[in-house]
Each structure stands twice: as structure tokens, then as C-alpha cells.
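These numbers were taken from a predicted model, which means no experiment stands behind them.
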There are 2 protein chains.
Amino acid sequence: MTARKAINLKMLSETLGLSQTTVSRALNGFPEVAEKTRARVVEAAERLNYRPSPSAASLATGKSRMIGHVVSLSEHIMINPHFADFIAGAGEIYGENGYDILLRLASLEEQERIYRDLVDDQRVDGVVVHGPLTGDSRIGILNALGVPFVVHGRSDEEGADYCWMDVNNRRAFHRATKFLLDLGHQRIALINGLETMNFADRRRQGYESALEEAGIALDARLLHSSDMVEPYGYHATRTLMDLPEPPTAIVVASVLPAMGVTRALADLGLRAGADVSVIAFDDCLSFLQSGSKSGFGGRVPDIPYFTAVRSSIREAGKRVAQMLLERIDKPHGPLQSELWEADFVIGQTTAPPRQR
Amino acid sequence: MTARKAINLKMLSETLGLSQTTVSRALNGFPEVAEKTRARVVEAAERLNYRPSPSAASLATGKSRMIGHVVSLSEHIMINPHFADFIAGAGEIYGENGYDILLRLASLEEQERIYRDLVDDQRVDGVVVHGPLTGDSRIGILNALGVPFVVHGRSDEEGADYCWMDVNNRRAFHRATKFLLDLGHQRIALINGLETMNFADRRRQGYESALEEAGIALDARLLHSSDMVEPYGYHATRTLMDLPEPPTAIVVASVLPAMGVTRALADLGLRAGADVSVIAFDDCLSFLQSGSKSGFGGRVPDIPYFTAVRSSIREAGKRVAQMLLERIDKPHGPLQSELWEADFVIGQTTAPPRQR
DNA sequence: TTGTAGGCGTTATCAT
DNA sequence: ATGATAACGCCTACAA
């Protein structure tokens, strides 16, 4: 039976016969307090279930122990499942370090103002930028505000003036495209994400450079760009396969539209792999994995279905959170960024092109 | 160019030549302040970009204008995409009302303590309970704490002592099963969620009661229960179809495992609809919809693929948020709960059983 | 209708 | 090594 009702610093210090100052110092690990005293204080605080009031502490220090995540879950609905996995990773790190997430949903246009308010009001100690565009205005604002922040992805070519963590999208898509070329494919389509998003832009560059190196001309009819939902993959594939010369292979920016690709092919009596090769970018979304809790997981090892370039968005969430906490810890340290290479995994959806 | 640097109540009142009290009252809509004064104050506040400090306000009032959402995004990974859509709906309502989300990730065992701390520390004004189990201990705790809360789903049969919003899972699954029976199916499998979850329990009851009414004995081999991820649907289906007498129809608790069902059938050279009927519970997850931004949406109307019982989890999020804010507004009003009926939509995955 | 003064629970400065 | 005391910025009796 531990004590329940809230206790404050004043009560605690009176109980101990010490001043609030000393108790506060003992609890916050100041060096000048006697070890013996500290031990007494810590023990009593534990026993009486003392926890400092966050709003009082925040008022006094200006720190909130909150991390702001501002996202537009309604606009680019494709990010929803990605967001959940990212936040699952980040939240794990925050939890271990006594931070909480302040989540705000807002359209992209509102986000500048929101970041500003969040920082001015001292509601957050740091901020994560989701879904950066090429030339994203949020980054300039955050730099001007002087708040610690990390961008998940990148905004520009240079990008030496902010802290980011990104996957090497260009190389990943170059590699996927090159793999299909090496198998003998000549007509390769790209079902990309929205190309205002910087990551989609880079993916396209990777795809294009691989084709160029192989001396294959780009064909605009083979390029699609949209929000990465399942029906988009479906309709894009139907459109592609209706072409006079349909593609023999498709590179898809996410497993979500890739599922739509599979469905469209099935409707046409075709199979991914045998009839049309498909490579997807795989974020290792949890609901597509057979985790240890999923009943069959572990017992039945899954052969990956899609041939894919793969990078766990959940691990990205963890790493971004770590980087941000480090930055909050020393806001004036050097800017450090990270570029991850995606894995390449061969599944069941790629093969040499059919003879015709 | 509006003023930038933070301004506080003291400065604002000095600028106006009024006391802090009057300014505060004017801004907070107290009735006794003269309309003329109020107009002056409001105008100046606007112009000088005054916003009250949240931590100071919180310290003074005990209110934080934050809503606590505690979720276990790692344990039951199936909830991830569902969670994102739910929070997208809820966040919209919060935003309109000046509330923010405090998001904390934690295992189910930790959640009791976390709710307690969140409330004791006055970090949140209200709380949402996600994924209630049958006989969920969190509800008792929250009632004891006296904090406004709404449960998304239900915990018990009675449940008159807390505020909830739920879909009529029992009726939905009764209806789906009955529909298959009416088509002539006799061997109907259930690929359910984890039955420690109350919603899964109710779904099973609906399924069972329909079979009982039709005089069909339950067959444990036709029942699966696990975390609702895609590979689970796949493996469960493979197992089912390996039975000496495989089912001719399957009811699936979510479109996520339902995608796995489709994939498994395809691997066996079977098609959902023609060979095996499939009905799924559809939460209208955004990444499976063709929204207006998805490039093809609107132009190409989608015929629903799955025959489904359907209820938008995003709308549920909105409604839960509204109910919670109402409850925060009047904490001692009568407890009001809501039960929604799921829609029934006929897609391409149901047909009378094949003759054998 | 407006103002004065005290309190909310910390942290931080300056003595001792 | 410890203790008074003053911020932090707002709200709210109570007084006028």
C-alpha cells in the first residue's frame, strides 16, 4: 500500500525537516548536497510517492519534457499506417527518457504557425518534422525559432543546416530498377508517391538514372505519382496494362499500392512474378509482418512475398527520437545527420520478362 | 508584420492601463466586464499576439487542455493502422476545440499506473481508453480517479457506469454469418481477433448465435483467434483449406487479415467469391479508400471488393472525442453512451457455395 | 465594473 | 551543505 494523494515539495520538505531548496536539489542531482541527506530525501520521496508538478516545473524552467509531432493525417492519408509505426518506434525512446508526445493534427499550411506557437508557448522542448517537401518552409522557421528539431527525411540537396535522418531513396530505387533491367526488362513502370514529397522525388531520380544508364528513354505513360493508397496501385496498374505496350515490370513506392497492383493483376488473370515483375519499397509495416504474437509467427517462417527494397520505418522512428533527445541535451553541438541504406530482398514477384 | 516576441499578461495590462484581473476576465469571457473594455482588450491581445502561457494557466487552474491517449502500439500491432485513423478523427475534433493530444506508448500492464500519474499530475483533462478487454481494470481506476473518460468499445455486459462508444459487433457478425447461411453455406469459418479483446468476444458471439439458430454445430477447427495482421489471415486460411472438410465461407474480423485470406486463396488457385466466400469487417481504413486526393478517386468509382460489415473507425474517433469534450464540460452530467450499427455492403467476395 | 493581493508548485539566486 | 526569498505567469477570492 503506497501513499496515494498528491504530495508537493512543501509537504515533503516539512516532513523531512529540510528546506524546499535542499529537497529540490537532492532530487535533481545537484552536486553540493550531502550524500546522506540525498539518500534520506530520495527514500522519502519514493515512499510518499512524490512527483513534481509538471506545470509548476515547466513554469519555472521553461522546459516541458514534451516532443511536438505535427502531422496531417487527413491530407496525405497514405501516411497514416506509416505514421503509426514511426511513432511506435519514437514513443518507445521517449518513454525510456521521460518524454511524452504532444500530437497535433493540422494541414500543411497551418503547420508553420503551429510550430511557432508550440515553441513560443514553451509547450515542447523539441520537434519532429514529418513528410518534408523539397524546399520545405518549416525548416527555416524552426531554425529561426532556435528549437531543437530533427527532420524525418530531407528537404534539399545541401541540407547541411539542419538535422535529418533519411533512407537513401535514390540508391534504393536505382538498385531496384537496375535489378529489373539486369533480368532483361525493358519497359519498367514507376508507381511513385506524390512527387511534391522530397522522398518521392529522390525515388524517381533513382529510377530515371538507372534507365538512363541502360540507354532506355523515359516514357511518361509509365510514370504515375499520387498518394500511396491501395486503390491507387490498383487503378494505376489497370491503366498501365491497358497501354499498347504495357510494362513487363513495375517499381512501386510502397507495399500499400503494391497490394493494389497485385489485385489489379489478378483481375487481369495475371500473376505478379510470373507475368509482370513487381518490386516494392517496404517500410516493414507491422501489420504486414508476422510478429511473434500473431499466432503463426515464428512457427511458419514467411518467404517474403514482394521483392523489395526495405527499411524499417519503426527503427527510423527510434533513431530520430534518439537524435532529437541528444540535440535537446546539447542544443549547440554539431549538427549530425544519418543516411541509411535500404536492404534489398528477393521475393516471389520478380522474374525475367515473358517471351512474347 | 505582427508582433513576434512573447508578451505576457502583465505587459498587456500595462499597455492597456488596466489591471491584470480585468484583462484576464475580458479575455476569458467573464460577464461583468464592460463590452467596450472587452473590445479594447481583445483587439490589443490580437494585435500584440498575446497568448496565455499554458504552464502558468495550468498551474493556476489545474486544467491542461490535453487529452491523454495511452496505447500499446508494440504489443497488439494490429491496432497500428486502426489507431492512426481513429486519432485522425479524434484529433480533428480536439483541434477545433483547443485541445491537444498527449500520446503515451505503454504495455497494457503499465497503463493503470500511467493513467493514475497522468491524472494525479494534472497533465490531462480527460482520457480515452483504447482496446478494452472484457473486465478491464483500467475502467475502475479511472472511475476512482474521477477523471472524465470515454471508452472506445466496451468492457462488460452491463457497462452502465462508464461512458463508451461502440459498434454493435455482435449484430454485425450475426448478420454476416446469417447472410452466408442464407446463401447456402454450411461450413463457415471465423478468423477472429484476439478474444481477450472484448470486441472480438462479441464478434464471436454473433457468429455463434447465427450458427446455432441455423442448427449448425460449432467446429473448433473453423475458429481462429489472433492479432489481426495480414500474415495471420494468410496462415489461418492455409490451415483451414487443408482441413478434410474445408470451409466454403470465411468471416474475417478485419480487412487486414482478409488481404491475407485473399493471398492464400490465390496461392491455392482459388478466388474469393467464386470459390470461397469471404466477408470482412471493414473499418474504412483510409489507406484502403480511394480518397479524393488519390489521383483516381472520384473519377473511377470503386466497386467494393470485399463484402463487408462496415463502420468507419475515423468517425468513431470523432464521436469519442466529442463525447469526451462534452463530459469534460459537464463532468457530473448523466453518463451517455452510443452503440452504432455497422453497414452491410455486398461486394465481390460472396456467392452461393460451389456444388461439389 | 474594476482593482488588490494571494496562491498554484517549482526552480534559482544569493546569503549564510 | 543548507536556507530564505524571489521569480515563473496566470487565475480568483475579496475588496472597493
With sugar-phosphate meaning primed atoms plus P, OP1 and OP2, does A:Thr37 contact a base, only sugar-phosphate, or nothing at under 4.0 Å between heavy atoms?
sugar-phosphate
Which nucleotide in C:dT1, D:dC11, C:dT10 has an atom nearest any side-chain atom of B:Ala34:
C:dT1
When we call it a touch if two heavy atoms are under 4.0 Å apart, what does B:Leu59 touch: a base, just sugar-phosphate, or nothing?
base
Between atom CG in A:Leu9 and atom P in D:dA7, what is the gap in whole Å?
19 Å
So does B:Thr61 get a side-chain nitrogen or oxygen closer than 4.0 Å to the phosphate oxygens (OP1/OP2) of D:dC11?
no
Exam field: side chain A:Ser13 to backbone A:Ser19, donor-acceptor pair closer than 3.5 Å:
no
Can you tell me the distance, in whole Å, between the CZ atom of B:Arg38 and the P atom of C:dT2?
10 Å
Can you check whether any acceptor in the base of C:dA12 is under 3.5 Å from a donor in the side chain of A:Thr21, or vice versa?
yes
May I have the distance from B:Glu32 (atom CD) to D:dC11 (atom P), rounded to whole angstrom?
14 Å
Is B:Arg154 salt-bridged to B:Asp166, going by a charged N under 4.0 Å from an acidic O?
yes
Proximity of A:His69 and A:Phe83 rings by center, below 6.0 Å:
no
What is the distance, to the nearest angstrom, from the CG atom on A:Leu16 to the C1' atom on D:dG3?
15 Å
Just the rounded figure in Å: distance from P of D:dG3 to CD of A:Gln20.
11 Å
Residue-phosphate contact under 4.0 Å: B:Ser55 side-chain N/O, D:dC8 OP1/OP2
no
Whole-Å distance, A:Phe30 CZ to C:dC14 C1', equals 14 Å
Is the phosphate of C:dG3, meaning OP1 or OP2, less than 4.0 Å from a side-chain N or O of B:Ser19?
yes
Whether A:Arg51 and B:Asp117 form a salt bridge (side-chain N of Lys/Arg under 4.0 Å from carboxylate O of Asp/Glu) is what I want to check.
yes
Map A:Lys10 and A:Arg25 onto DNA chain C by nearest heavy atom, then report which one ends up closer to the 5' terminus.
A:Lys10
Let's test your reading of the model: under 3.5 Å, does the base of D:dG9 pair with the side chain of B:Arg51 as donor and acceptor?
no
Which of these nucleotides, D:dC10, C:dA12, D:dA1, is closest to any side-chain atom of B:Asn8?
D:dC10
What is the distance, to the nearest angstrom, from the CG atom on B:Asp120 to the C1' atom on C:dG9?
15 Å
Ignoring the backbone of B:Ala57, work out which of C:dT10, D:dT2, D:dC10 is nearest its side chain.
D:dC10
May I ask you to evaluate whether B:Ser53 reaches the phosphate of D:dC8, defined as a side-chain N or O under 4.0 Å from OP1 or OP2?
no
Got B:Met66 and B:Arg123 here, is their nearest side-chain heavy-atom distance under 4.5 Å?
no
Are A:Asp136 and A:Arg138 within salt-bridge range, i.e. N to O under 4.0 Å?
yes
Using heavy atoms to find the nearest nucleotide of DNA chain D for A:Gly17 and B:Ala56 separately, return the residue whose nucleotide is more 5′.
A:Gly17
Indicate whether OP1 or OP2 belonging to D:dC11 is found under 4.0 Å from a side-chain N or O atom of B:Ser24.
yes
May I have the distance from B:Asn28 (atom CG) to D:dA13 (atom P), rounded to whole angstrom?
13 Å
Distance check: side-chain N/O of B:Tyr50 vs OP1/OP2 of D:dG9, anything under 4.0 Å?
no
